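None of the values given here were measured: they were computed from a predicted structure. Just so you know, ligand 1 is whichever comes first in the structure, and atom 1 is the first atom listed for that ligand.
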Amino acid sequence: MARMPAVRTVHVCQQCGAESPRWSGQCPSCQAWNTLVETVVARPTTVAARGRQRGALTALPVGTISPITDVSSAEAQRLVSGIGEVDRVLGGGFVPGSIVLFGGDPGIGKSTLLLQLAARLANARGSVLYVTGEESAAQVRGRAERIGAVTGGLGLVATTELSTALGAIESEAPILAVVDSVQTLASDALSGPAGSVGQVREVAARLAEAAKTGRTCVALVGHVTKEGTVAGPRTLEHLVDAVIYLEGERLGSTRLIRAAKNRFGSTDEVGVLEMRSDGLMEVSDASRFFLESEQPPVAGSAITIALEGTRPLAVEIQALVAPSGGGSPRRATTGIDVNRVLMLIAVLARHAGLNLTGHDVYVNVAGGLRIEEPAADLAVAMALASSLRERPVRAGTVLAGELSLAGRIRQATRADRRLAEARRLGFETLITGTAHGGGADRDVHLVTATDVREAVRLALEVA
Ligand SMILES: Nc1ncnc2c1ncn2[C@@H]1O[C@H](COP(=O)(O)OP(=O)(O)O)[C@@H](O)[C@H]1O
Ligand SMILES: [Mg+2]
Ligand SMILES: [Zn+2]
């Protein structure tokens, strides 16, 4: 019996790129250990590519050239799910022909979210395929019942074979194919087990191809490993158009979605969802969500209006300073760069007479949010000052501004947007820096401070 010619594979060193015919623990070329990954080399090529290889000219099929005036943009074709938080992080919905990796810890809610997206799009836009390698079709149906995702137009395929998944996508040509998960599918062209680096890359590469050829969106689920990446080396991220992470505190119900890479949108957007028994729900007032309490302010807490992407969010910064018991003091942060906090501690000491040398310092961004923008400086500094002085920041006050090493405050970018959000949430005062060297941007609610000492006085002391 004639066998199909086997797909040729080689073992490629992830460090030096050398190829070896068979696997070994050590790279024969650069001597690195455990760097060889089995990779498919000979892929069936398209007719056009074979033609090019032979140097032949391929006749253009009718309709190959389209007047630009007749082409609709990717924007126009985007698949909008209606789950606004997800659509926004994607850059306005899924782009046909693209592949998006959804990563996150096991149990965080990836399958739930994708089943919800699948059902929404099946309802509104056309046929959707959900390939499940992890759970049985009955288990997926069970979840669908719980979250209201039983709908016509949504097909289930339970398989762990890449070829079956690809066949289903090709024959069904769905608008969206969810593949749950990249770690459970395997190609029989490779000898490694499902979930191995070689398999994961092959699965992603073949699905990316299928997405492009069939104008299907592929949403690929991937578990995050202990090292914090999806399937080991970052190579997977290069094979997909966008990487969306679903994250959240294990015990809390808040889930944040953010893009680590997005070929079709910004990576600044953050989506906020809440895990409930009937699925992931949009949080109606995300800004309020990050304010831990509406109780009277306590020492060690300051609120900033952060601009994560296009949306302003009120975020509480919590600080605890406590005398350290000798030795070098501890400095620990969650949700903010520890080096930024070290700088702010130095600025407070030098320019506001607040010395934290003998104190342990802990800084936490409430609600599991991560803040990168320097406009949070002022709130962090005031939370520290407030904790040290054991005096709460004045009620109804929010802060936004960047601190320089000289202790000067620069007004936060897009201060008007932050101010509007502060107003909307009922804050009375926004303390910020001067916009252009002491100019008077006077507003009843906008208080400007030139330096950190003045900010401490405005934020902590009674007028
Ligand atoms: N029967 C249930 N009732 C309510 N919530 C559930 C139920 N089963 C699972 N969940 C929620 O769904 C989460 C698992 O979500 P899932 O989408 O399976 O995560 P992932 O695919 O990322 O591993 C659980 O942590 C839990 O919060
Ligand atoms: Mg799952
Ligand atoms: Zn090598």
Of all the non-hydrogen atoms in the protein, which one sits nearest to atom 23 (O) of ligand 1, and at what distance? Gly107 N, 2.7 Å

Does Ser277, backbone or side chain, put an N or O under 3.5 Å from an N or O of ligand 1? no

For a side-chain hydrogen bond (donor to acceptor under 3.5 Å, both in side chains) with Glu134, tell me which candidate from Gln183, Gln139, His223 qualifies. His223

Please verify whether a non-hydrogen atom of Leu115 lies at under 4.0 Å from ligand 1. no

Sidechain-backbone polar pair: Thr334 side chain, Asn364 backbone, donor-acceptor under 3.5 Å: no

Can you tell me if Ser111 has an N, O or S atom under 2.8 Å away from the Mg ion (ligand 2)? yes

Atoms of ligand 1 close to Asp105 [distance to a heavy atom under 4.0 angstrom, numbered from 1]: 22 (O)

For a 4.5 angstrom cut-off between non-hydrogen side-chain atoms, does Leu36 reach Ser24? yes

Heavy atom under 4.0 Å from ligand 1: found in Leu246's side chain, backbone, both, or neither? neither

Considering only heavy atoms from C-beta outward, does the side chain of Lys110 approach that of Asp180 to under 4.5 Å? no

Less than 4.0 Å is my threshold; does some heavy atom of Arg143 fall inside it relative to ligand 1? yes

Of Leu114, Leu121, Leu115, Leu113, which meets side chain to side chain contact (heavy atoms under 4.5 Å, CB included) against Val178? Leu114

Closest contact, heavy atoms only, Ala122 versus Thr151: CB-CG2, 4.2 Å

Tell me whether Lys110 has any N or O atom under 3.5 angstrom from an N or O of ligand 1. yes

Residue Lys212 excluded, over 12 heavy atoms near NZ under 6.0 Å: no

Between Glu421 and Arg418, does any NZ, NE, NH1 or NH2 come within less than 4.0 Å of an OD or OE carboxylate oxygen? no

With a 4.5 Å limit on heavy-atom distance, are the side chains of Ser163 and Arg206 in contact? no

Atom 27 (O) of ligand 1 has as its nearest protein heavy atom Met275 CG, 3.8 Å

Check whether the side chains of Asn262 and Thr267 place a donor and an acceptor atom closer than 3.5 Å, and report yes or no. no

Nearest 10° is fine: what angle sits at the Zn ion (ligand 3) between SG from Cys16 and SG from Cys30? 110°

Where does Pro106 meet ligand 1, judged by heavy-atom distances below 4.0 Å: at the side chain, the backbone, both, or neither? backbone

In this structure, atom 8 (N) of ligand 1 is nearest to the protein heavy atom Arg146 NH2, 3.1 Å

Give the numbers and elements of all ligand 1 atoms closer than 4.0 Å to a heavy atom of Ser111. 17 (O), 20 (P), 21 (O)

To the nearest 0.1 Å, how far is atom 19 (O) of ligand 1 from its closest protein heavy atom, and which atom is that? Gly109 N, 3.1 Å

Under 4.0 Å from a heavy atom of Thr112: which atoms of ligand 1 are those, numbered in the order shown and with their elements? 15 (O), 16 (P), 17 (O)

